[in-house]
Amino acid sequence: MAIELPKTFDPSQAQKKWLAVWEQRGYFHSDPDPHRQPFSIVIPPPNVTGALHMGHALNNTLQDVLIRWRRMQGYNALWIPGTDHAGIATQSVVERLIFTHEKKTRHDLGRAELVKRIWAWKDKYEARILEQLQALGASCDWRRTRFTLDPVCARAVRETFFRMFRAGYIYRGQRLVNWDTQLQTSVADDETYTEETPGSFWTFRYPVDGQPGVFIAFSTTRPETMLGDTALCVHPADERYKHLIGQHVIQPHTGRKIPIIADGLLADPTLGTGCVKVTPAHDPNDYACWQRHPEIGIINILNPDGTINDNGGEYRGMDRYKAREAVTHKMQELGLYVGQEQRIIPLKFSDRSKTPIEPYLSDQWFVKMSDRDDGQPGLAQMTMDAVTTGRVKFFPERYARSYLDWLAEKRDWCISRQLWWGHQIPVWYKTEQQPPEVFRMVAEPTPRALQPFLRTRPGIAISWQNKPHRAADDFNVDFVVCLAPGNDDIEAALEADGFTRDPDVLDTWFSSALWPHSTLGWPGPTLPENRPDRTPADWEKLRQYYPTSTLVTSRDIITLWVARMVLMGLYNVGEIPFHHVYIHPKILDGFGETMSKTKGNGVDPLDIIEIYGTDALRYGIVKIATETQDARLPVSNICPHCGQDVPVKQEHMYMRTKKLACPACKKEFRPGGPWPTDDPERPTAKQGSDRFEEGRNFANKLWNAARFLLLNLEGYRPAPVDPAALPTEDRWLLSRLATTTQAVTAALEAYKFSDVARLIYEFVWSEFCDWYIEMSKGRLKDDTTRPVAQRVLAGAFDGILRLVHPVMPFVSESLWEALGQAAPQRGLPAPTPAEEAACIARWPSYPQQWISPPVETRFARMQHLVRGVREIRNRYQVEEKIKLDVRVKCSDAVAADFNALAAFIGPLAGIATLTAGPQITKPRQSGTLITAEFEAYVPLAGLIDPVAEAKRLEKQLADKRKALENTQNKLRNEKFVANAPAEVVQQQREFVAEIEKQIALLEENLKDLQSN
RNA sequence: GGGCGUGUAACUCAGUGGUGAGAGUGCCUCCCUUACAAGGAGGAAGUCAGGGGUUCGAAUCCCUUCACGCCCACCA
């Protein structure tokens, strides 16, 4: 009995069913297995407070395609999921929420309470994002889900910090950081954005000391920083100022005498007055200048909240912008004001608080990236070498350049953040004052509290201040102690002895950088041997799955994340973290802009899943993941009344358009966007994109192909087939199947995802469905040909399901089950019992000998003819009932090929009779000619308009003659004949012969037409 | 300013030296034929951004102009 499927594929039902089955059968679990080769990926951990967006959908779909494919290939495939605590992002979200609801700041709550609140928040949103990943079909080993703050990861972070500290790679220094005065934290460069802002450009002058009436002028956009000036600077070769170098000027607000120095790097004689004020504590360039001229000194004038500190004298306590006015006013009073002009000034803002950034001198922890004092390569160099030697490979290759260029600067990595949410820095010291600048680990002297532990514990490192130079601030620290994890008793002893722990937390990227090995349970070498959390199983996991196989990520974190993972992997494990880095494109809206909630141009993957199904989403994503291009995804508002797609226009973005009328149902709705409140008048549209229709349709096409098979597999008996003995159409199918399988496999190996989707789609739709299934219909009706046709159909479709599975797991799994009922044993050339699920089925591979160009050529000729007849039928609206007589003239060899497929031409082209042979029957009646690689004549007496047909043929003739002339000219060109590859020349000759024949036939045909 | 990338049909994109440039969507014509109207058959539609060069031959390689995007640096 035949199995009957519903007419259309229902994605939501399939998703629900298979997610549960896969999970319950544990298909995605992976454990160390010495007999299988591992293939491992660690997920780029999404921010725990984030919701799934298209970027995640893209990133994770591509990883899942790789993992499912390798799993099917028999690898021990492990995909580790997890989430990131994302320090600033998360803390500021929760802080803002608490402030909105309770009007309390973090200082009102206190550290412990705030952290507790964030954990509660995290638990909720972590569950949500993991569910969303599961909804994508992500075949992660969910048992191994990690969080960057969980105990396993925390242990790795502590270990790493400790080892780097002990080795002298981590130091405390004063540096200019981007200071967010509202959040009172430093923010990384990537957490800032620059905006062109209207501002003023002032010019002032300072009086030269001891030379009344002599002034020197300079310009600034931030007058308040004059309070922190420690020098004026000119170019050493600038004739205007040469004589003043070494003299002093008086800073009028503070009365300080400051030097005029020469620095060719800082001062540019062509800009402004050619003289520049130097404020080392509040400008990065000036800071660099101070490092070259430390004698000028450095003065910090700001408090963390952006007010002027004690160094600002009478301006103390004033907000920096108030101080700007006051300082300027004072200069005017003193007659030192020269001028002011309005300018558009690029101003840096904090991404989190949207307030202007202040360059601020602050105490921070750093990882030293430069080469070592002994000349040995440092961390940056080591990290670069991993790529230059080819141990880590980028796909596409060009992204290696971003990585190398950035690392080549060897800039030290600031790893401390003034936050409460994150890994607290495991360093203790004994003062409320800020600790010193540079530490180096030493054995002695030793704080008393540590004495009892020193002999027995390896996890203690002590540093002291060893550099005599002090910056503006005064320190009073004797010892700094860093502890490895697992030394709670020492921590307690230190704290009892008056030590306090550094309040800062580590940069999120510090823990993310450990992700490939921390998720695998890297135990670290300093943990005491007898600890229960250091087990042989940890090492076994690491040994099996590390280095991981491929990292799949986006290009904007190549430096922040990829480079640091390589660094930490090499430093901690002594081995690269991954062999391949695949950088995928970014998804943009229809106008080429990045998607964001504020713009209102985003697409919610969950909406796409709801409307089109997960498989359609995945297919669409794989299809647009090309090598070079970012993917544009035009967005539509989906009418909440009738479901019509209404394309988003740029004026709809940023909530500029408040209502839209649906062109289909005329009802009004509000376009999608981050609207703060509901609109009582009209519903808000969801946003979608019709780009996913292709995938939905493809899933349905597969579904219906299976439906056809199942209706026709009655009486199916598995048996081997002999490819050599199969009829031409079967050998064509096997040739195409083998070619496609090979090409898909190669595309996956090269991370050419778009090709994967295209290849599968073309084979399934344009070849298997459009031609093979149609051709099989006749064969299935005949009892003698039916059994073989069934075997080939079942066997080929089995292969198709395997090929489709990594991209579209749900529809393929559903059909695998259905096909399993009708044909539990199937396959080509010999049947085998089908695996119990598509997701653990073996990835296909077929014999090279199946690929047969002659068979494909033969088949292509037949397709040409069929298409030609169809075109004629269509052009002249030939009624189905009318019999057509197609006569074919060709060589005997082609005729033999042709006859092999002749039986299909009638049904496929919709004609009744067909005669094929080496001769064309004369005389011609009014008719038309199909010019494929052979000649076919379709008599159409009485059906065609001779004038129109003649016109058409004349146009064809003209085209052909032109092509002939071009090609003949080419062949007359000696250089072409001499230089072009022989096969190309041969091809051209054949083309000439062919086209000459076609022209002759067309001419003959035209004559016939005209004589009638 | 430096680096990387992009510009091909109305739209989104394939196509890195070799016959007349492709796909999906959209558009036009015909068809609800027992797998599929989320479908079938056919059709129209492109000076491959502009200019110059290399070559027997260029969408493809080189130079250049224009437009757009991203990253980095800088802007007293």
Side-chain angles (χ1 to χ4, degrees), chain A residues 4-5 7-9 189 201-203 218-222 225 232-233 266-268 271-279 283-286 343 345-346 396 398-399 401-402 405-406 409 555-556 558-559 586 588 590 592-594 612 616 623-624 626 628-634 647 689-691 693-694 696-712 754-755 758 761-762 766 769-770 773-774 777 867 870-875 877 880 908-910 959-960 962-963 966-967 969-971 973-981 983-985 987-988 990-992 994-995:
Chain A
E4 186 147 0
L5 295 173
K7 260 190 148 178
T8 52
F9 171 53
D189 284 338
F201 182 81
W202 285 274
T203 303
F218 56 88
S219 300
T220 180
T221 56
R222 293 186 299 152
T225 61
L232 288 184
C233 175
L266 184 65
D268 180 343
L271 285 178
T273 65
C275 171
V276 49
K277 67 197 237 5
V278 186
T279 322
D283 182 280
N285 294 315
D286 297 359
R343 276 200 189 177
I345 297 160
R398 68 188 132 91
Y399 287 113
R401 183 183 269 273
S402 329
D405 285 355
W406 184 77
E409 293 179 27
R555 75 172 101 84
D556 40 11
I558 289 174
T559 54
K586 293 179 82 164
L588 310 173
E593 295 189 35
T594 50
Y612 300 104
K623 185 71 189 285
I624 60 178
T626 62
T628 49
Q629 297 248 109
D630 282 343
R632 283 193 186 201
L633 200 63
S689 176
D690 58 14
R691 299 290 138 177
E693 283 179 11
E694 187 179 337
R696 177 197 59 183
N697 295 354
F698 185 42
N700 198 48
K701 189 71 176 178
L702 283 161
W703 182 264
N704 276 289
R707 196 161 169 262
F708 171 82
L709 254 72
L710 296 172
L711 290 170
N712 286 287
S754 181
D755 288 355
R758 191 176 44 78
Y761 183 93
E762 278 172 6
S766 312
C769 291
D770 285 356
I773 284 191
E774 291 308 321
K777 285 177 179 171
R867 290 198 174 110
R870 282 172 178 169
E871 187 188 332
I872 290 159
R873 286 174 47 86
N874 223 290
R875 180 173 311 113
Q877 303 287 305
E880 197 193 341
L908 287 173
D959 289 351
K960 302 271 179 199
K962 192 162 184 192
N966 288 345
T967 317
N969 282 343
K970 196 184 279 187
L971 283 166
N973 185 329
E974 285 169 26
K975 286 185 181 169
F976 170 69
V977 179
N979 296 337
E983 57 189 54
V984 172
V985 177
Q987 235 174 30
Q988 297 288 301
E990 281 165 15
F991 181 62
V992 168
E994 180 65 33
I995 211 163

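Each chain gets a letter, A, B and so on, in the order its sequence line appears, and its residues count up from 1. None of these values were measured; they are calculated from a predicted model.
At the heavy-atom level, Thr273(A) lies nowhere under 4.0 Å from the strands shown. Nucleic acid contact for Cys769(A): base, since at least one base atom lies under 4.0 Å from a heavy atom of the residue. Residue-level contact check: Ile773(A) touches the bases, meaning some heavy atom is under 4.0 Å from a base atom.
Under the Watson-Crick and G-U wobble criteria, each requiring two contacts below 3.5 Å, nucleotide C48(B) is left unpaired. Pair assignment for U54(B): none, as no Watson-Crick or G-U wobble contacts are both less than 3.5 Å. Pair assignment for A9(B) gives none, since no Watson-Crick or G-U wobble pairing has each distance under 3.5 Å. A59(B): no Watson-Crick or G-U partner with both key distances under 3.5 Å is found in any strand. For G26(B), there is no paired nucleotide, since no Watson-Crick or G-U wobble pair has both relevant distances below 3.5 Å. Pair assignment for U34(B) gives none, since no Watson-Crick or G-U wobble pairing has each distance under 3.5 Å. When Watson-Crick and G-U wobble pairs are counted only if both distances are under 3.5 Å, G1(B) pairs with C72(B).
An OP1 or OP2 oxygen of G39(B) is reached within less than 4.0 angstrom by a side-chain nitrogen or oxygen of Asn697(A). One finds no side-chain N or O of Lys975(A) lying less than 4.0 angstrom from the OP1 or OP2 phosphate oxygen of U54(B).
The side chain of Arg707(A) lies closest to C36(B) when the candidates are C4(B), A38(B), C36(B). Picking from C70(B), A35(B), G24(B) the nucleotide with the shortest atom distance to the side chain of Glu694(A) gives G24(B). Closest approach to the Ala705(A) side chain among C36(B), G42(B), A35(B) is made by A35(B) (side chain taken as heavy atoms from C-beta onward). Among G24(B), C70(B), A41(B), the nucleotide with an atom closest to any side-chain atom of Arg870(A) is A41(B). Listed nucleotides C36(B), A35(B), G40(B) differ in distance to Asp770(A); the shortest reach to its side chain belongs to G40(B). Out of G24(B), C36(B), C56(B), the shortest distance to the side chain of Glu774(A) is found at C36(B).
Rounded to whole Å, atom C1' of A37(B) lies 11 Å from atom NZ of Lys701(A). Between Tyr399(A) atom OH and C4(B) atom P the separation is 12 Å, expressed in whole Å. Atom pair Arg696(A):CZ and G24(B):P shows a separation of 16 Å (rounding to whole Å applied). Rounded to whole Å, the distance from CH2 on Trp703(A) to P on A38(B) is 17 Å. The CD-P distance, from Glu974(A) to C56(B), rounds to 12 Å in whole Å. For Leu588(A) and G7(B), the CG to P distance is 14 Å, given to the nearest whole Å. Going from atom CG of Asp556(A) over to atom P of C70(B) covers 11 Å, rounded to whole Å. If you measure from atom CD1 of Ile558(A) to atom P of G3(B), you get 18 Å, rounded to the nearest angstrom.
A donor and an acceptor atom never sit less than 3.5 Å apart when one is taken from the side chain of Lys7(A) and the other from the base of C36(B).
At least one side-chain heavy atom of Thr221(A) sits under 4.5 Å from a side-chain heavy atom of Phe201(A). Within the 4.5 Å cutoff, the side chain of Cys769(A) has heavy atoms near those of the Lys701(A) side chain. Looking at heavy atoms from C-beta onward, Lys277(A) lies in side-chain contact with Thr225(A) at the 4.5 angstrom threshold. Residues Val276(A) and Leu232(A) have side chains not in contact (no heavy-atom distance under 4.5 Å, counting atoms from C-beta outward). Contact of the Arg867(A) side chain with the Ile872(A) side chain is not registered, since no non-hydrogen atoms from C-beta on lie closer than 4.5 Å. Side chains of Leu971(A) and Val985(A) form a contact here, defined as non-hydrogen atoms less than 4.5 Å apart.
Here, G50(B) and U8(B) have their C1' atoms 15 Å apart, quoted to the whole Å. Nucleotides G26(B) and A38(B) place their C1' atoms 16 Å apart, quoted to the nearest Å. For the C1' atom pair drawn from G18(B) and C13(B), the interatomic distance equals 24 Å after rounding to whole Å. Nucleotides U25(B) and G43(B) have their P atoms positioned 16 Å apart, rounded to a whole Å. Distance check on atom P: U12(B) versus C36(B) gives 35 Å, rounded to whole Å. With P as the reference atom, G51(B) and A58(B) are 14 Å apart, rounded to whole Å. Across G5(B) and A9(B), the matching P atoms stand 22 Å from one another, rounded to whole Å. Between A23(B) and G42(B), the two P atoms lie 12 Å apart (nearest whole Å).
Mapping Thr8(A) and Ser402(A) onto RNA chain B via the closest heavy atom, the residue that lands nearer the 5' end is Thr8(A). In terms of position on RNA chain B, the residue among Glu693(A) and Lys277(A) whose nearest nucleotide sits closer to the 5' end is Glu693(A).
No donor-acceptor distance shorter than 3.5 angstrom exists from the side chain of Asp283(A) to the backbone of Thr279(A), with no hydrogens or angles considered. Side chain of Ser754(A) to backbone of Lys623(A): a donor-acceptor contact under 3.5 angstrom is found. With hydrogens and angles ignored, the 3.5 Å screen pairs no side-chain donor or acceptor of Asn700(A) with any backbone N or O of Arg696(A). Listed for the Ser689(A) side chain is a donor-acceptor partner under 3.5 Å among the backbone atoms of Pro634(A).
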Show each protein N/O and nucleotides 29-31 of chain B N/O combination with a separation under 3.5 Å, one pair to a line.
none

Polar atom pairs between nucleotides 11-18 of chain B and protein, under 3.5 Å, N or O only, would you list them?
from   : atom 1 : to        : atom 2 : distance (Å)
C11(B) : O2'    : Arg691(A) : NH2    : 3.3
U12(B) : O4'    : Arg691(A) : NH1    : 3.1
U12(B) : O3'    : Arg632(A) : O      : 3.4
C13(B) : OP1    : Asp630(A) : O      : 3.4
C13(B) : OP1    : Arg632(A) : N      : 2.5
A14(B) : OP1    : Thr626(A) : OG1    : 2.5

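In this structure, Trp703(A) CH2 and Thr8(A) OG1 are separated by 8.5 Å, a value rounded to the nearest 0.5 Å.
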Item to complete: Output, in order, the C-alpha distance, side-chain angles, deciding distance and verdict of salt bridge (Lys or Arg N to Asp or Glu O under 4.0 Å) for Arg691(A) and Glu694(A).
Response: CA-CA 7 Å; Arg691(A) 299 290 138 177; Glu694(A) 187 179 337; over 6 Å; no

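Taking every heavy atom of both residues into account, Arg707(A) and Leu5(A) meet most closely at NE-O, 3.0 Å.
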